[in-house]
Visitor: 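First the structure, then my questions, so here it is.
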Amino acid sequence: MTKDMKDIVALCKRRGFIFPASDIYGGLNGFWDYGPLGTELKNNLRDRWWKDMVLCPPLGPDGAPVEIVGVDSSIIQNPKCWEASGHVGGFNDPMVDCKESKKRYRADHVVVYWPKDGQGSGVAFDKDAEDAEIEKRLKKLTNKALADFDTAKLDQIDTAKFANIIGPDVKTPGTLTEPRQFNMMFHTFVGATSGDENKAYLRPETCAGIFLNFKNVLDSSRTRVPFGIAQIGKAFRNEVTPRNFIFRSREFEQMELEWFCEESEVPMWFDFWVDQRTRFWDAVGIPKSALHFLDVPKDELAHYSARTIDVEYAFPFAAPGYDELEGIAHRGNFDLTQHQQFSGQKLDYFDQATNSRFLPHVIEPSTGLTRGVLALLCQAYTPDESRPSGVYMNFTPAMAPKKAAILPLTAKEDHVPLAQKLYLELREDFAVDLDIKQNIGKRYARQDEIGTPYCFTVDNDTLADHTVTVRDRNTMAQERIHMDKVADYLKEKMK
RNA sequence: GCGGGAGUAGCUCAGUGGUAGAGCAUCAGCUUCCCAAGCUGAGGGCCGCGGGUUCGAUCCCCGUCUCCCGCUCCA
């Protein structure tokens, strides 16, 4: 059984899950619109996250209920916020292109070896190049030994000297272009005039809005450490290469929790949240067997993080590997420290019990809602040549955009009125379809393709004893239940 | 941004220098007591967009946009 992204993308478009944004204008790279079914699916996943995190959060490791509150912060904040977070300074990496090798390099990742005697060209290497390899290439290109060179990072070198540098993958000097800034943040202007003084950014992640409101929440909500603040919302990144359907898009939606605790309790809470998040994915239909937990190696950690576990999912485009679905990071107290410094406002927490002040440490389970939707779609997509539709979407009942279809077995006779009655009853509580036209097989197939877990069919027996058949999407098996029990049946299945 | 591939019906694709087809989907009718997406029919495309060559371009050329694959990037 193979899952091909092309087929999944086609089904999403055909059945109204996801469309290219601005489709009638030819689309826009990295942007997507959610159609009728996709919106329901996304909302179901979003609401389930909010319920599990904020409305009905779990019991903590000690058995006591954990406390989490929500915020909904502005997408545009004071630009100083992004200086404090490091996004303005740290993520505008200057890049250089090589006209010869057609490769692109981060300027600070390229090391240039300059001859100490000033004779001949400088030779550039990737920062991770092995000594033996460097020595060999220097010898070949300049006939000098490693000890005859000084080194400097490319971003520290005057561009006037670039003409005399041999790029990392070529043999002649002068092929490297001037460094150019790559800004991952979308910028905009606040107010009617556009100039540097009112430049602002669309948030590249939602968590900053949580840290900015840390003090406001403390002052207004009687929360006490340990506690969490959650937020769901859009974020924007000017990705160099949007790729893999909605996996890496320029506008996306995040679900983030910042869990504030004492430093000494970090390991306990870290493990707790990894466990909780795994349970969540399992509950919405992503089993642990489809996940991979990557303990991010120290040298690849973000500058603020002491430990991060990437929860990766077996996306078809990553096969046979995995790609990131969620990151659970120990951010230390980096964010509060930075915002305290840049804003000049005290953000420390006063603990009445111990009469001490401190900046809490943070555990951040951060996931992409839209990546979650993609994982749900990929996981649900099930080719099955034995059935007419050739495929069905195996959503859990709780996540499925449509919970059930009500089908009169025939369009004539007297099946229709009973089906309508059942439909009107169910639609008060569930997203259900009533489908009367065409033969029953065609209608089952249609529901399979959009992942409706149950079909209730009215037939001749219904007229006599008010029972209907329940047809299970995955097994195609049927059982009879009383019409009055259908609502309870659905409710039970959606737990 | 670079290299390669591709844009024809809602989807997947054929096709020809003389203004277009198939399968599926959609809709209507028929059939059907349960997978018979079976039967009949209908709607739907200025062949991505803009130029150029030509008597004439969906086809050839140029530009542009978008998508896919590989680099680069992914805090």
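Source: prediction; values computed, not measured. Sequence lines set the chain letters: A, B, ... in the order given, protein chains first and strands last, and positions in each chain run from 1.
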Visitor: Give me the distance, rounded to whole Å, that separates B:C67 from B:G48 when you measure between the C1' atoms they each carry.
Guide: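 These two C1' atoms come out 11 Å apart once rounded.
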Visitor: So is A:R387 actually on top of A:Y392's ring, under 6.0 Å and inside 45° of the axis?
Guide: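 Yes - A:R387 lies over the ring of A:Y392, closer than 6.0 Å to its centre and within 45° of its axis.
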Visitor: Sticking with atom C1', work out how far B:G45 lies from B:G51, rounded to a whole angstrom.
Guide: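 Going atom to atom, C1' in each nucleotide, I get 22 Å.
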Visitor: Taking the minimum atom-to-atom distance to the side chain of A:R243, which one of B:U32, B:A28, B:G70 wins?
Guide: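 Nearest to the side-chain atoms of A:R243, counting from C-beta on, is B:G70.
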Visitor: What integer number of Å spans the C1' atoms of B:G3 and B:G10?
Guide: 33 Å
Visitor: Using whole Å, report how far CD of A:E449 lies from P of B:U12.
Guide: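 Whole-Å distance recorded here is 13 Å.
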Visitor: Go nucleotide by nucleotide along RNA chain B from the 5' end; which of A:L301 and A:F317 gets its closest nucleotide reached first?
Guide: A:F317
Visitor: Ring pair (Phe, Tyr, Trp, His ring centres under 6.0 Å), that's the test. Do A:Y113 and A:F125 meet it? Break it down for me.
Guide: CA-CA 8 Å; A:Y113 285 69; A:F125 292 89; 5.2 Å; yes
Visitor: Does A:P20 reach a base, just sugar-phosphate, or nothing at all? Heavy atoms under 4.0 Å.
Guide: nothing
Visitor: Which base, if any, makes a Watson-Crick or G-U wobble pair with B:C60, both distances under 3.5 Å?
Guide: B:G52
Visitor: I want to confirm an ordering. Mapping A:R471 and A:W32 to their closest nucleotides on RNA chain B, which one lands closer to the 5' end?
Guide: A:R471
Visitor: Paired with B:G23: which nucleotide, if any, by Watson-Crick or G-U wobble criteria at under 3.5 Å for both distances?
Guide: B:C11
Visitor: For B:U16, which nucleotide in any strand shown is its Watson-Crick or wobble partner with both distances under 3.5 Å?
Guide: none
Visitor: Kindly assign one of parallel, tilted or perpendicular to the pair A:W259 and A:W269, based on the angle between their ring planes and the thresholds 30° and 60°.
Guide: tilted
Visitor: Is there a side-chain contact between A:L407 and A:Y444, using heavy atoms and a 4.5 Å cut-off?
Guide: yes
Visitor: Mind checking the P distance from B:G44 to B:G38? Whole angstroms is fine.
Guide: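 My reading of the P atoms in B:G44 and B:G38 gives 24 Å.
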Visitor: Across all strands, who's sitting opposite B:G45 as a Watson-Crick or G-U wobble pair, both distances under 3.5 Å?
Guide: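 Result: none.
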Visitor: Determine: side-chain N/O of A:K437 to OP1/OP2 of B:A28, distance under 4.0 Å, yes or no.
Guide: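 For B:A28, OP1/OP2 do have a side-chain N/O of A:K437 under 4.0 Å.
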Visitor: Which nucleotide in the set B:A28, B:C35, B:G10 lies at the smallest distance from any side-chain heavy atom of A:Q478?
Guide: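 Closest nucleotide to the A:Q478 side chain: B:C35.
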Visitor: Work out how far the P atom of B:U40 is from that of B:G52, and round it to whole angstrom.
Guide: 47 Å
Visitor: Taking only the side-chain heavy atoms of A:N439 (C-beta and beyond), determine which of B:A36, B:G29, B:A75 contains the nearest atom.
Guide: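 In terms of side-chain proximity for A:N439, the closest of B:A36, B:G29, B:A75 is B:A36.
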Visitor: A:D33 CG to B:C67 P: how many Å, rounded?
Guide: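 From A:D33 CG to B:C67 P: 13 Å.
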Visitor: Does A:A10 reach a base, just sugar-phosphate, or nothing at all? Heavy atoms under 4.0 Å.
Guide: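 Sugar-phosphate, no base atom in range.
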Visitor: Does the side chain of A:K6 get closer than 4.0 angstrom to OP1 or OP2 of B:C67 through an N or O atom?
Guide: no
Visitor: Would you indicate which nucleotide in B:A25, B:C34, B:U66 comes nearest to any side-chain atom of A:N29?
Guide: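 Looking only at heavy atoms from C-beta outward on A:N29, the closest nucleotide is B:U66.
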Visitor: Between B:U26, B:U72, B:C34, which nucleotide has the shortest distance from any of its atoms to the side chain of A:D459?
Guide: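 Nearest to the side chain of A:D459 among the choices is B:C34.
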Visitor: Could you walk me through whether A:L374 and A:N244 pass the side-chain contact (heavy atoms from CB on, under 4.5 Å) check?
Guide: CA-CA 10 Å; A:L374 182 58; A:N244 293 326; 5.8 Å; no
Visitor: Does A:T241 get its side chain close enough to the base of B:C73, under 3.5 Å, for a donor-acceptor pair?
Guide: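 Absent.
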Visitor: Could you work out the separation of B:U19 and B:C65 based on their C1' atoms and round it to a whole Å?
Guide: 24 Å
Visitor: Just N and O in the side chain of A:K13: are any of them under 4.0 Å from OP1 or OP2 of B:C11?
Guide: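 So the side-chain polar atoms of A:K13 do come within 4.0 Å of the phosphate oxygens OP1 or OP2 of B:C11, strictly under.
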Visitor: Verify the contact: side-chain N or O of A:N244 to OP1 or OP2 of B:C69, cut-off strictly under 4.0 Å; return yes or no.
Guide: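 Yes, because at least one side-chain N or O of A:N244 sits under 4.0 Å from OP1 or OP2 of B:C69.
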Visitor: For B:U64 and B:C55, measure between their C1' atoms and round to the nearest Å.
Guide: 28 Å
Visitor: Would you say the side-chain atoms of A:R473 pair up with the backbone N or O of A:E449, donor to acceptor, closer than 3.5 Å?
Guide: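 Flag not set: sc A:R473 to bb A:E449 has no pair under 3.5 Å.
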Visitor: Taking atom P in both B:C68 and B:U26, compute the distance separating them and give it to the nearest angstrom.
Guide: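 Straight-line distance between the two P atoms is 26 Å.
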Visitor: Using a strict threshold of under 4.0 Å (side-chain N to carboxylate O), is an ion pair present between A:R331 and A:D335?
Guide: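 A:R331 and A:D335: salt-bridged.
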Visitor: Tell me the partner of B:G70, counting only Watson-Crick (N1-N3 plus N6-O4 or O6-N4) or G-U wobble (N1-O2 and O6-N3) with both under 3.5 Å; none if nothing fits.
Guide: B:C2
Visitor: Need one value for A:G16: base, sugar-phosphate or nothing, where a base atom within 4.0 Å counts as base even if backbone is also close, heavy atoms only.
Guide: nothing
Visitor: Could you tell me the separation between the CD1 atom of A:I436 and the C1' atom of B:C27, rounded to a whole number of Å?
Guide: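 Atom CD1 in A:I436 sits about 15 Å away from atom C1' in B:C27.
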Visitor: What's A:L11 touching, base or sugar-phosphate or nothing? Going by heavy atoms closer than 4.0 Å.
Guide: nothing
Visitor: For B:U32, give its Watson-Crick or G-U wobble partner with both distances under 3.5 Å, or none.
Guide: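 Base partner found: none.
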